[in-house]
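Quick notes on the structure that follows.
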Amino acid sequence: MQQRPNLKDHSIEHLRELLSAQGHVPYRADQIAGWLYQRGIDDLDCMTDLGVELRGSLAETWDARALELSGVDRSQDGTVKAVLRAKDGAEIESVLIPEEDRTTLCVSTQVGCAMACSFCATGALGFSRNLSTAEIIDQVCRMRDISGEERRITNVVFMGMGEPLLNLPAVIEAVQLLIHPKAFAMAPRRITVSTVGLVPKIAELLACAPINLAVSLHATTDAVRDRLVPLNRRYPIADLLDELRRIEFVNTRRPVFFEYTLIEGVNDSPEDAARLAPLLAGIPSKVNLIPMNPHPDTTLRAPSEQAIDRFLRIVAGSGLRVTLRRPRGEDIDAACGQLALRKLGEALAG
Ligand code: SF4
């Protein structure tokens with residue numbers, strides 16, 4: 001079935017051009033954005049200030065909704081995982097993580113993932129297709145419906161299913177809508193895009209807005225990283241870190257967040273911990289240690305508490321900024337590396 005174009009695939013500037021080419025005042029695009037992104041209304045019939053004629057012609061040719069809620073699971077710690085279904089039946093997952101001072105939404109950028117990282121359940125799914133801008137943005141809209149007024153989404157991280165830099169045009173358009181004052185009006189520092197290290201695309205991403213970059217490092221030697229992140233065979237650690245040294249971070253004044261999944265017997269030795277600081281020298285860095293989240297597709301496990309504590313103390317002692325991130329939503333397979341569309345407890349009809 002031929003799909004209709006979606007209003008959420010277009011920047012507000014582009015919508016202005018499209019509407020004025022059809023003889024409408026460009027300001028109509030700002031009004032449409034107000035309904036779609038600020039009020040969360042995507043029924044064109046409800047956009048009462050557009051006038052009957054424009055509403056009618058928009059409804060004939062455009063869609064304004066890209067995803068429907070298919071299932072929801074709620075963790076004991078407040079984390080909410082949702083399965084969302086696209087028009088073609090493809091399903092993806094988004095995760096809402098409430099904390100004391102913020103509510104973070106983790107969005108997906110692809111259906112499955114081609115990167116095949118050995119610790120990640122999404123990697124085991126394989127790759128189906130890229131998400132459109134509308135499908136990335138509609139995760140924010142649907143999850144905002146779930147979280148409600150009292151729990152406003154304050155941060156968005158592109159760390160769900162998929163490698164965001166393999167879908168860069170759609171990711172950049174989505175970032176632009178998140179920060180646009182007529183759309184979600186989020187501060188760029190509240191947005192983080194993660195990559196496993198697609199070196200040629202990093203500068204292009206960071207040129208779009210002063211957002212945060214998270215790099216999934218996970219190892220301090222190529223021998224180990226080759227096993228954990230197969231892309232490392234194409235872009236080894238030295239190439240990745242050289243590129244980060246080359247990029248100016250002065251415009252963001254934000255550190256690069258290095259994600260390091262701690263895996264027992266693989267990358268958790270004192271030698272690994274001691275190698276991190278010299279490796280990251282010259283890059284404004286913050287290291288996030290994440291104990292491995294188990295899932296059925298792997299035998300890899302988190303280290304013992306003592307080994308985690310030892311690793312943390314060595315890294316902190318070497319002068320790096322480091323935090324230990326406790327897994328959230330582990331009981332509903334919503335933690336990092338666990339998104340694999342397993343059956344949800346609270347499946348919704350339809
Ligand atoms: S860790 Fe990220 S890039 Fe690697 S397989 Fe999982 S989703 Fe893909």
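This structure is a prediction, so every number in the text was calculated from the model and none was measured. As the structure lists them, so they are numbered: ligands from 1, and atoms in each ligand from 1. Throughout, numbering of the chain's residues begins at 1 and tracks the sequence.
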Which atoms of ligand 1 have any heavy atom of Gly162 under 4.0 Å away?
7 (S)

Before accepting this row, confirm whether a basic side-chain N of the pair Asp45/Arg55 lies closer than 4.0 Å to the acidic partner's carboxylate O.
no

Is a salt bridge present between Asp63 and Lys87, judged by a nitrogen-to-oxygen distance below 4.0 Å?
yes

Electrostatic pair Arg301-Asp268, nearest N-O below 4.0 angstrom:
no

Ring geometry between Trp62 and His10 (parallel below 30°, tilted from 30 to 60°, perpendicular above 60°):
perpendicular

With atoms numbered from 1 as shown, which atoms in ligand 1 lie under 4.0 angstrom from a non-hydrogen atom of Gly123?
5 (S)

Atom 6 (Fe) of ligand 1 reached by Cys120 (N, O or S, under 2.8 Å):
yes

